[in-house]
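Computed from heavy atoms alone, side chains included, the values below leave out hydrogens, waters and symmetry copies. Here the structure is a predicted model, which means the values were calculated and not measured.
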Amino acid sequence: MKRIGASLAVAMTALLGAGQVAAQEYPSRTVEVIVPFAAGGGADASQRLFNKFAEPMIGQSMVVLNKPGAGGTTGWAELVRAEPDGYTLAIVTPPFNIIPALVKPKQTGYTLDQFTNICVYAVVPDVLFVREDSEFKTLQDLVDHAKANPEKVKVANSGTLGADFMTTLLIENATGTKFTQIPFDGGSKMLQGTLAGTTDAMVGSNIFAFSQKGQLRPLAIATEERDPQLADVPTFKELGYPVVSERYRALAGPPGMSAELVSYWADICEKVVGDPAFQEESTKVGLPAEYRGPEQAQASIETMTRDIEAVVQANKLAE
């Protein structure tokens, strides 16, 4: 009996040791991160910056796989079909992954509950812009003109049913105005149209406030409180309009990822965001670094989903 007991003890010790080694060995090879947009865009640049700081922490390389197509849905559909072994992750950019699932649920190739949302590592607020030489000096100037001239104010977006399209609807609902939305094929063409005078205003991320300083005038920012990087720009809320609209840079995995893997990557995410060098580089490109762990990230995304769903239903956008 003593020999049997000793043998069992040795076996258990070996098993436990093997489990610890396996945990310590992850990741033992390259981690692939799907970016469902073309190289050179905002999401691509964001994830490459994240990877740059995460790689030394995990001791392995993180390779970006650009999988553009169908507004990002091609890449996200590939993510949800991947093995949940921690070697395939993706950047998700709510609301861009949310809108198609609500508007065209039969065409996206995924459902929102299939994403294992690990963390948010940056929060990018939406801003309403006009040209620097615009007659609209304040948000109220634009609102008053739009109310007096329904559907005469033309607002650019980067594509019908995109994030800026939805934010413009939120602004309309909050201000009691009705604009005419002009879709462009992407953010760069949206910007060109606004600067050329084809449109009167545009909704875009705060990054435009830095890259187009002196060309665009930000009228209001869609955050709860003023952005320290744009301290002179009032929020919609302080001007009396309850518009809050943000875009997240988040890390996600396929369905079925273990709690241990989620915890591992959430810890990496928190360390990356907490690195002053990452914060400095993020600030330079107008990407406000902010960490939200698994529970908070999930809650934020669920809140955004409910807000967008209300807009979709109110405007009868679902197919």
Does the pair E135 and D200 meet the rule for a side chain to side chain contact (heavy atoms under 4.5 Å, CB included), with working shown?
-> CA-CA 9 Å; E135 64 181 289; D200 304 298; 6.0 Å; no
Verify the distance criterion only: is there a donor paired with an acceptor across the side chains of [X] and [Y] at less than 3.5 Å?
X	Y	result
S61	T30	yes
D144	Q140	yes
Q60	Y26	no

Please find the pair of heavy atoms, one from [X] and one from [Y], that lie closest to each other, and give the distance.
X	Y	value
T116	G256	OG1-N, 4.0 Å
F136	R217	O-NH1, 2.9 Å
E281	F53	OE2-CZ, 3.7 Å
F278	L49	CE1-CG, 3.7 Å
R292	S300	NH1-OG, 3.0 Å
V35	A43	CG1-C, 4.3 Å

Measure the [atom1]-[atom2] distance between [X] and [Y] for me, rounded to the nearest 0.5 Å.
X	Y	atom1	atom2	value
F236	T167	CZ	OG1	8.5 Å
T74	L79	OG1	CG	13.0 Å
N51	L251	CG	CG	8.5 Å
L170	D126	CG	CG	9.0 Å
N206	Q229	CG	CD	6.5 Å
E78	I34	CD	CD1	4.5 Å

For [Y], does its backbone N or O pair with a side-chain atom of [X] as donor and acceptor, under 3.5 Å?
X	Y	value
D85	Y87	yes
K137	S134	yes
K104	E319	no
Y264	G86	no
E55	M62	yes
D164	S158	yes
Q279	V273	yes
E309	L102	no
E172	F179	yes
Q114	T111	yes

Would you say that more than 12 heavy atoms from the other residues, nucleotides or ligands in this model lie under 6.0 Å from the [atom1] of [X], or not?
X	atom1	answer
K213	NZ	no
D133	CG	yes
E83	CD	no

Hydrophobic cluster membership, with links at side-chain heavy-atom distances under 4.5 Å among I/L/V/M/F/W/Y: are [X] and [Y] in one?
X	Y	value
V130	I207	no
M57	Y291	yes
I301	V244	no

Do K271 and D275 sit within salt-bridge range, that is, some charged N less than 4.0 Å from a carboxylate O?
->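 Salt bridge absent between K271 and D275.
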Answer yes or no: is there an ion pair linking R226 with E238, defined by an N-O contact shorter than 4.0 Å?
->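 Answer for the salt bridge query: yes.
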So [Y] and [X], do their side chains get closer than 4.5 Å, heavy atoms only?
X	Y	answer
L142	T175	no
V103	M166	yes
P125	D227	yes
F115	N97	yes
S46	Y121	yes
T235	E224	no
Q181	T160	no
V123	P288	no

Working for side chain to side chain contact (heavy atoms under 4.5 Å, CB included), residues V143 and Y241 = CA-CA 11 Å; V143 170; Y241 303 110; 3.9 Å; yes
Evaluate the side-chain hydrogen bond (donor to acceptor under 3.5 Å, both in side chains) criterion for residues R306 and T303: first the C-alpha distance (whole Å), next the side-chain angles of each, then the deciding distance (0.1 Å), finally the verdict.
-> CA-CA 5 Å; R306 288 194 296 270; T303 297; 3.3 Å; yes
For this output row, return yes or no: ring centroids of F37 and W76 closer than 6.0 angstrom.
->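 Yes, ring centres under 6.0 Å apart.
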Before giving the answer on side chain to side chain contact (heavy atoms under 4.5 Å, CB included), spell out for V155 and T199 the whole-Å C-alpha distance, their side-chain angles and the decisive distance to 0.1 Å.
-> CA-CA 6 Å; V155 180; T199 57; over 6 Å; no
Cation over ring face, R247 and F96, 6.0 Å, 45° |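 No, cation not above the ring by the 6.0 Å, 45° rule.
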Restricting to pairs with a member in residues 260-317, which pass disulfide bond (SG atoms under 2.5 Å apart), not counting sequence neighbours?
->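 Qualifying pairs, neighbours excluded: C119-C269.
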Apart from L230 itself, what residues make up its hydrophobic cluster, given side-chain heavy atom links below 4.5 Å?
->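 Members other than L230 - counting any ILVMFWY side chain reachable under 4.5 Å - are V127, F129, I182, F184, M190, L191, L195, M202, F208, F210, L216, I221, V233.
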Where do Y248 and V92 land on the side chain to side chain contact (heavy atoms under 4.5 Å, CB included) test, with the steps shown first?
-> CA-CA 8 Å; Y248 302 145; V92 291; over 6 Å; no
